[in-house]
Amino acid sequence: MAPARILITGCNRGLGLEFVRQLLELPNPPKQIFATCRDPTSPQNKKLNDLAASHPSVVVIKLEATDPASVKEASKEVESHLRGSGLNVVINNAGIMPESTLESADAEDFLHVYNTNVVGPLLVAKALLPFLKKAAEENPKGPLSSNKAALINMSTLLGSIEKTPETFFYYPVLSYRCSKAALNMMTHCQSLGYKKDGILCTAFHPGWVQTDLGGANAPLTADQSVKGMIKVLSCLSEKHNGLLLDWEGNVVPW
């Protein structure tokens with residue numbers, strides 16, 4: 001069964017939008033899907049808004065994850081829709097991947113990417129933590145799982161320090177790599193800090209996907225990637241807490 005209530009960041013396109021679409025098509029879809037994006041009124045969000053218009057369970061929420069004020073307002077809106085219920089799953093999906101090399105990278109590049117890929121997920125997790133705790137409290141005897149409470153950070157194989165020698169020269173995205181390595185550390189720390197609250201924390205590597213970030217030559221479609229990640233999400237248990245898993249459920253080394 002799908003989590004009863006789930007929030008996903010970066011839903012205007014790519015993996016985020018595909019998550020919303022596929023969750024709605026499940027035999028037992030979530031009761032509520034909070035789909036966030038920077039500007040719900042933008043023409044770029046037509047597909048997302050069309051889904052929301054035809055599915056009352058989808059709530060589109062404005063969220064700029066790097067802006068504390070925006071995160072606070074989004075959290076208040078989520079709370080108003082939850083009406084006292086908990087939030088079972090948060091997927092920090094929003095991210096950026098500009099071209100960056102040892103030669104071209106500078107302070108502006110690194111700070112911009114870190115702000116989006118690391119600070120944003122941190123702020124979102126902190127703001128929504130009370131709702132995740134509430135969901136866990138609603139099922140006090142249940143094991144760690146996505147049906148209880150789970151925090152998922154979207155990471156990548158490119159953030160793996162162990163795998164870097166194999167792939168470094170093929171992907172000139174240095175600041176992205178480093179930001180995801182930092183996100184992996186944060187995920188591991190969250191898994192240790194939030195376990196006592198009944199919240200499972202893990203990171204997903206979606207694969208190399210045909211999105212605006214991955215490009216048209218990627219071997220995986222968004223449909224294939226998200227279908228795999230939803231299956232992995234449904235199978236999460238305590239043994240997956242604090243790991244980086246790919247879209248097929250395989251453990252990726254840090």
Note to self: Taking atom CG as the centre, does L192 end up with more than 12 heavy-atom neighbours from other residues, nucleotides or ligands that are less than 6.0 angstrom away?
What the structure shows: yes
Distance-only check: which donor-acceptor pairs under 3.5 Å involve side-chain atoms of residues 9-17, not counting sequence neighbours?
unit_1: T9; atom_1: OG1; unit_2: N93; atom_2: N; d: 2.8
unit_1: T9; atom_1: OG1; unit_2: A94; atom_2: N; d: 2.9
unit_1: R13; atom_1: NH1; unit_2: D212; atom_2: OD2; d: 2.8

Next item on the list: Kindly indicate whether the side chain of Q224, heavy atoms from C-beta on, has any atom under 4.5 Å from the side chain of W247.
Entry: no
Please tabulate, for the side chains in residues 134-143, all donor-acceptor contacts under 3.5 angstrom to protein atoms that are two or more places apart in sequence or on a different chain.
unit_1: E138; atom_1: OE2; unit_2: G86; atom_2: N; d: 2.9
unit_1: N139; atom_1: OD1; unit_2: G142; atom_2: N; d: 3.3

Next item on the list: Could you grab the distance from atom CG of N184 to atom CD1 of I161, nearest 0.5 Å is fine?
Entry: 8.5 Å
Next item on the list: Using a 4.5 Å cut-off on heavy atoms from C-beta on, say whether the side chain of S146 contacts that of L200.
Entry: no
Margin query: With side chain to side chain donor-acceptor pair (under 3.5 Å) as the rule and sequence neighbours excluded, what pairs involving residues 26-45 come up?
Written below: R5-Q32, R38-E64, D39-T41
Item checked: Spacing of CD belonging to E18 relative to OG1 belonging to T211, to within rounding of 0.5 Å -> 11.5 Å
Checklist line | Listed partners of I230 passing side chain to side chain contact (heavy atoms under 4.5 Å, CB included), at least two apart | finding: F19, Q22, L23, L26, V226
Check: Do the side chains of I91 and L157 join up, straight or via other hydrophobic residues, at under 4.5 Å, putting them in one cluster?
Finding: no
Check: ring-ring contact (aromatic ring centres under 6.0 Å, His included) with Y114: which residues, sequence neighbours excluded?
Finding: F110
Next item on the list: In sequence, state the C-alpha distance, the side-chain angles, and the governing distance for L244 and W254, and then conclude on side chain to side chain contact (heavy atoms under 4.5 Å, CB included).
Entry: CA-CA 7 Å; L244 171 57; W254 295 125; 3.5 Å; yes
Check: Nearest 0.5 Å, what's the CG-OG distance between D106 and S175?
Finding: 9.0 Å
Check: Out of curiosity, S155 OG to D246 CG, how far, rounded to the nearest 0.5 Å?
Finding: 11.5 Å
Margin query: With a 4.5 Å cut-off on side-chain heavy atoms, are L122 and V118 touching?
Written below: no
Check: In the hydrophobic clustering that connects Ile, Leu, Val, Met, Phe, Trp and Tyr at side-chain heavy-atom distances below 4.5 Å, which members other than L111 occupy its cluster, ordered by chain and number?
Finding: none
Check: So which pairs with a foot in residues 188-200 pass side chain to side chain donor-acceptor pair (under 3.5 Å), sequence neighbours left out?
Finding: N153-Q190, K195-E238
Next item on the list: Take E77 and F34 through the test side chain to side chain contact (heavy atoms under 4.5 Å, CB included) and record every step on the way to the result.
Entry: CA-CA 10 Å; E77 188 172 352; F34 298 100; over 6 Å; no
Next item on the list: State which residues pass side chain to side chain contact (heavy atoms under 4.5 Å, CB included) with I96; sequence neighbours excluded, sorted by chain then number.
Entry: P98, H112, V113, T116, N117
Next item on the list: Give, for atom CE of M229 and atom CG of L245, the distance between the pair rounded to the nearest 0.5 Å.
Entry: 11.5 Å
Next item on the list: Kindly check if the number of other-residue, nucleotide or ligand heavy atoms within 6.0 Å of CG (N217) is above 12?
Entry: no
Notebook entry, point to check: Hey, mind stepping through I61 and V78 against side chain to side chain contact (heavy atoms under 4.5 Å, CB included) and telling me if it holds?
Noted result: CA-CA 8 Å; I61 293 180; V78 169; 3.5 Å; yes
Notebook entry, point to check: Who are the side chain to side chain contact (heavy atoms under 4.5 Å, CB included) partners of P219, not counting sequence neighbours?
Noted result: W208
Checklist line | H240 vs S237 side-chain heavy atoms within contact, under 4.5 Å | finding: yes
Notebook entry, point to check: Taking side chain as C-beta onward, heavy atoms only, is L183 less than 4.5 Å from K180?
Noted result: yes
Next item on the list: Only counting residues at least two apart or in another chain, list the ones meeting salt bridge (charged side-chain N to carboxylate O under 4.0 Å, His left out) with D223.
Entry: R21, K227
Next item on the list: Step through the shown structure and confirm whether more than 12 heavy atoms of other residues, nucleotides or ligands are within 6.0 Å of CD on E108.
Entry: no
Next item on the list: Using side chain to side chain contact (heavy atoms under 4.5 Å, CB included) as the criterion, list what pairs up with L128, not counting sequence neighbours.
Entry: L7, S75, L87, V90, V124, F131
Check: Do I152 and T202 have side chains that get closer than 4.5 Å, going by heavy atoms?
Finding: yes
Next item on the list: Could you go through the side chain to side chain contact (heavy atoms under 4.5 Å, CB included) check for C201 and N241 one step at a time?
Entry: CA-CA 5 Å; C201 303; N241 194 39; 4.1 Å; yes
Margin query: So T101 and L174, do their side chains get closer than 4.5 Å, heavy atoms only?
Written below: no
Notebook entry, point to check: In Å, rounded to the nearest 0.5 Å, how long is the span from OG1 of T164 to OH of Y171?
Noted result: 12.0 Å
Checklist line | Counterpart residues, salt bridge (charged side-chain N to carboxylate O under 4.0 Å, His left out), relative to K47 (two or more places apart) | finding: none
Check: Is V60 reachable from V89 through a run of I, L, V, M, F, W or Y residues, each pair having side-chain heavy atoms under 4.5 Å apart?
Finding: yes
